[in-house]
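Here the structure comes first, spelled out in structure tokens, and everything after it is commentary.
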Amino acid sequence: MYEQSQAQTQTKKLVIGWFSFTCCEDSTILFTELLNKNLDNWKKLVEFRHISVLKTNNILKDLDVAFVEGAISSETQAEEVRKIRDNAKYVVAIGSCACSGMPSASRNDFVDEQINERIQWYLDHFDYSDKVQKLEEVIQVDDKVDGCPMNVPSFLAALDKYLKVFEIT
Ligand code: SF4
């Protein structure tokens with residue numbers, strides 16, 4: 001009885017994940033910078049269920065929103081991001097690399113004479129797919145926050161939008 005009434009009084013939070021694939025992670029840096037000012041308030045509204053950059057115990061399950069930074073450059077990454085899609089109600093592409101592929105997808109435009117020994121070494125020793133893909137070439141994307149790195153006001157607007165979608169105040 002006590003447990004039931006305690007559960008009923010618990011406030012619903014927006015359950016989010018933050019993920020990075022092939023990129024320089026500058027949007028992740030901007031996100032952590034935003035925590036300087038917003039963490040105390042966001043903790044009341046947001047559950048950070050999966051955010052590897054901040055903690056080691058992460059759960060990929062029942063996310064309301066997954067924020068995904070970076071392009072997809074291998075089949076291993078494609079499998080990971082499909083798993084994220086399967087466990088999130090909404091997916092938001094973060095930054096130009098996730099939204100359009102570029103600049104991470106620059107290697108798609110290499111011509112043979114540009115692939116020198118050094119570049120070939122990387123292609124041979126890592127699990128790269130033939131082409132670097134933007135996020136929506138691999139999974140369905142619900143929203144995009146463009147910019148290189150991400151446009152901060154657009155990210156804050158997206159977060160606010162999903163707080164409203166899930167009626168969290
Ligand atoms: S969009 Fe720009 S800032 Fe973001 S990961 Fe790609 S290169 Fe880095």
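Positions are given from 1 along the sequence. Atoms within each ligand, like the ligands themselves, are counted from 1 in listed order.
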Check: Is D130 paired with R107 through a side-chain N to carboxylate O contact shorter than 4.0 Å?
Finding: no
Notebook entry, point to check: Is the shortest distance from a Lys or Arg side-chain nitrogen in D160 or K164 to a carboxylate oxygen in the other one below 4.0 Å?
Noted result: yes
Checklist line | C24 neighbourhood, listing ligand 1 atoms whose heavy-atom distance to it stays under 4.0 Å | finding: 3 (S), 5 (S), 7 (S), 8 (Fe)
Check: Ion pair present between R85 and E80, side-chain N to carboxylate O less than 4.0 angstrom?
Finding: no
Check: Is it the side chain, the backbone, both or neither of C148 that has a heavy atom closer than 4.0 Å to ligand 1?
Finding: both
Notebook entry, point to check: According to the interplanar angle, ranging from 0 to 90°, do the rings of W121 and F126 count as parallel (below 30°), tilted (30 to 60°) or perpendicular (above 60°)?
Noted result: perpendicular
Margin query: Out of all atoms in ligand 1, which are within 4.0 Å of some heavy atom of S96? Include the element for each.
Written below: 1 (S)
Check: With distance as the sole test, does D64 use its side chain to make a donor-acceptor pair with the main-chain N or O of I16 at under 3.5 Å?
Finding: no
Item checked: Interfacing atoms of ligand 1 (cut-off 4.0 Å, heavy-atom, D26) -> 3 (S)
Item checked: Nearest protein heavy atom with distance in Å, relative to atom 6 (Fe) of ligand 1 -> C97 SG, 2.2 Å
Item checked: For atom 7 (S) of ligand 1, the protein heavy atom that lies nearest, with its residue and separation -> P103 CG, 3.4 Å
Note to self: Check E136 with K144, please: is the shortest side-chain N to carboxylate O separation under 4.0 Å?
What the structure shows: yes
Notebook entry, point to check: For ligand 1, which atoms, with element, lie under 4.0 Å from some heavy atom of P149?
Noted result: 3 (S)
Checklist line | Nearest-neighbour protein heavy atom for atom 4 (Fe) of ligand 1, which is reported as residue plus atom name and distance | finding: S27 OG, 3.9 Å
Check: In the protein, what heavy atom is nearest to atom 5 (S) of ligand 1, and what distance, to one decimal place, separates them?
Finding: C23 CB, 3.1 Å
Notebook entry, point to check: If you group Ile, Leu, Val, Met, Phe, Trp and Tyr by side-chain heavy-atom gaps below 4.5 Å, do L159 and F19 land in one group?
Noted result: no
